[in-house]
Amino acid sequence: MAEKIKALRARLGIDQKELSAKIGVDQSTVSKYERGVQEPKREPNMKLADLAGVAYGEWVGVEPVEPDDVRARMVTVVGELCAGDWREAIEWAHDDQYKVPALLDPDMPGYPLQGYIVRGTSMNNYYPDGAVVFAAATIANGLRPVHGDHVIVTRRDRQGLVEASLKEYVLGEDGVRWLWPRSSDPQHQAPLQYGGAEEVTITGIVQASFITRPRRAESITKKGDDRHRDILARFDNGESLSSIAESHGLSRERVRVIAKNAGRKPRREQ
């Protein structure tokens, strides 16, 4: 990611301060991105994807899958999972969600799945930062976790904020149920007791996952150049925002942003 951001900034011909203004963070944060000290969160990453002219999933490293692969199934990525990150909602706004191809075992039950990006280190023995997990909802599908399952765990604080994270469901010999982080990070070594005093809910069970592969920065930026040119040419020819967005896997709003950044006159459509 660090190399991609540096390559993108070089292509745009702007300095760190200018890039920070475009993506809504301060200059020191951009410096951390480019040194590999910190990974961008969702909002800055979405703006970086817009600037690069590529779909969000492609920017964060989702590799394409051949359409005739019998294992391929499109799943919507709806949010992030991160221990210690308390927020108002688990899922993103609808326009921020996007679909990715998931390679699934053909014999796996056909539960409806949702994708989540794993953030942080609380389950890094299995899922590094940026991995994507595909989970089936417990209540909607009548599922109950069994020993060894990796589950989505939600907690709510007194201010109404929600934390959503991944844990391993462990059933002790004494029948006590535990939710364990599986991490090399000393900050994530203590389990939560499921069914104990703290209100903890298991909302999903992981069915599949994949780890994103970094792409060469020049490949992303070259493809971004080509995509920008195509979007702007079609925009100038009067093609609808919906049509342009669908062909590139973007939202209409992102097409507007790309056109606006290129100096095109804003266009509104129903």
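Index from 1, following the sequence.
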M1 and N45: CA distance, side-chain angles, deciding distance, side chain to side chain contact (heavy atoms under 4.5 Å, CB included) verdict: CA-CA 10 Å; M1 182 60 74; N45 250 337; 3.8 Å; yes

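- When all heavy atoms of L19 and L51 are compared, the pair lying nearest together is CD1-CD1, 3.8 Å.
- For the pair P181 and A190, the tightest heavy-atom approach, listed with the atom from each and the gap, is CD-O, 3.4 Å.
- Residue V153 is not grouped with residue V170 when hydrophobic side chains (ILVMFWY) are merged at heavy-atom distances under 4.5 angstrom, including chains of intermediate members.
- The local environment of NZ in K22 is sparse, with at most 12 non-hydrogen atoms from other residues, nucleotides or ligands closer than 6.0 Å.
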W178 vs Q193, side chain to side chain contact (heavy atoms under 4.5 Å, CB included): CA-CA, chis, key distance, verdict: CA-CA 5 Å; W178 298 96; Q193 184 177 349; 3.6 Å; yes

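- Between L166 and S122 the shortest side-chain heavy-atom distance does not fall below 4.5 Å.
- Between the side chain of D236 and the backbone N or O of A233, no donor-acceptor pair lies under 3.5 Å.
- The closest donor-acceptor contact from the side chain of T138 to the backbone of I202 lies under 3.5 Å.
- Of all heavy-atom pairs between V133 and S209, the closest is CG1-CB, 3.9 Å.
- With sequence neighbours left out, H150 forms a ring-ring contact (aromatic ring centres under 6.0 Å, His included) with Y126, Y127.
- Cluster partners of W86, by chain and number: L161. The rule joins Ile, Leu, Val, Met, Phe, Trp and Tyr whenever side-chain heavy atoms lie under 4.5 Å apart.
- In the hydrophobic clustering of ILVMFWY residues, with side-chain heavy atoms under 4.5 Å counting as a link, V206 and W180 come out apart.
- A distance-only check finds a donor-acceptor pair linking the side chain of E163 to the backbone of G84 [under 3.5 Å].
- When atom types are taken as modelled, the side chain of R9 and the backbone of I14 share a donor-acceptor pair closer than 3.5 angstrom.
- Between E80 and K41 there is no salt bridge, since no side-chain N of the basic residue sits under 4.0 Å from a carboxylate O of the acidic one.
- Looking only at distances, a side-chain donor or acceptor of Q207 sits under 3.5 Å from a matching main-chain atom of I205.
- Closest approach of A2 to E34, counting heavy atoms only: CB-O, 3.5 Å.
- You'll find the side chain of L113 reaches within 4.5 Å of the side chain of R73, heavy atoms only.
- Evaluation of the ring-ring contact (aromatic ring centres under 6.0 Å, His included) rule for Y116 yields no partner, not counting sequence neighbours.
- Checking side-chain atoms of Q189 against main-chain N and O of S183 turns up a donor-acceptor pair under 3.5 Å.
- Closest heavy-atom contact between S243 and R234: O-NH2, 3.8 Å.
- Without hydrogens or angle criteria, N237 side chain to E239 main chain gives no donor-acceptor distance under 3.5 Å.
- Note: M123 CE to D185 CG = 13.5 Å, rounded to the nearest 0.5 Å.
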Intermediate values then yes/no, side chain to side chain contact (heavy atoms under 4.5 Å, CB included), L81 and I117: CA-CA 6 Å; L81 305 173; I117 298 177; over 6 Å; no

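- Residue L232 holds its CG atom at 4.5 Å from CZ of R264, rounded to the nearest 0.5 Å.
- The CD1 atom of I90 sits 8.0 Å away from the CD1 atom of I152 when rounded to the nearest 0.5 Å.
- The shortest distance between side-chain heavy atoms of I5 and L8 does not fall below 4.5 Å.
- Under the 3.5 Å distance criterion, the side-chain polar atoms of N124 are matched with a main-chain donor or acceptor of S184.
- Under a hydrophobic-cluster definition in which Ile, Leu, Val, Met, Phe, Trp and Tyr are linked whenever side-chain heavy atoms come within less than 4.5 Å, directly or via other members, L143 and L171 are assigned to different clusters.
- Contact annotation: the side chain of Q114 never approaches that of F134 to less than 4.5 Å [non-hydrogen atoms, C-beta and beyond].
- Residues S28 and D26 approach most closely at OG-OD1, 2.8 Å, considering heavy atoms.
- Checked by atom type and distance alone, the side chain of D149 never pairs as donor or acceptor with a backbone atom of V151 at under 3.5 Å.
- Separating the NZ atom in K167 from the NE2 atom in H188 is a distance of 8.0 Å, to the nearest 0.5 Å.
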CA sep, side-chain torsions, deciding dist, call: Y169, R177, side chain to side chain contact (heavy atoms under 4.5 Å, CB included): CA-CA 7 Å; Y169 180 86; R177 297 170 296 172; 2.9 Å; yes

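- Note: E199 CD to D157 CG = 11.0 Å, rounded to the nearest 0.5 Å.
- At a threshold of 4.5 Å between non-hydrogen side-chain atoms, the residues R119 and D85 do not count as touching.
- With hydrogens and angles ignored, the 3.5 Å screen pairs a side-chain donor or acceptor of Q97 with a backbone N or O of W92.
- Around atom CZ of R144, no more than 12 heavy atoms belonging to other residues, nucleotides or ligands sit under 6.0 Å away.
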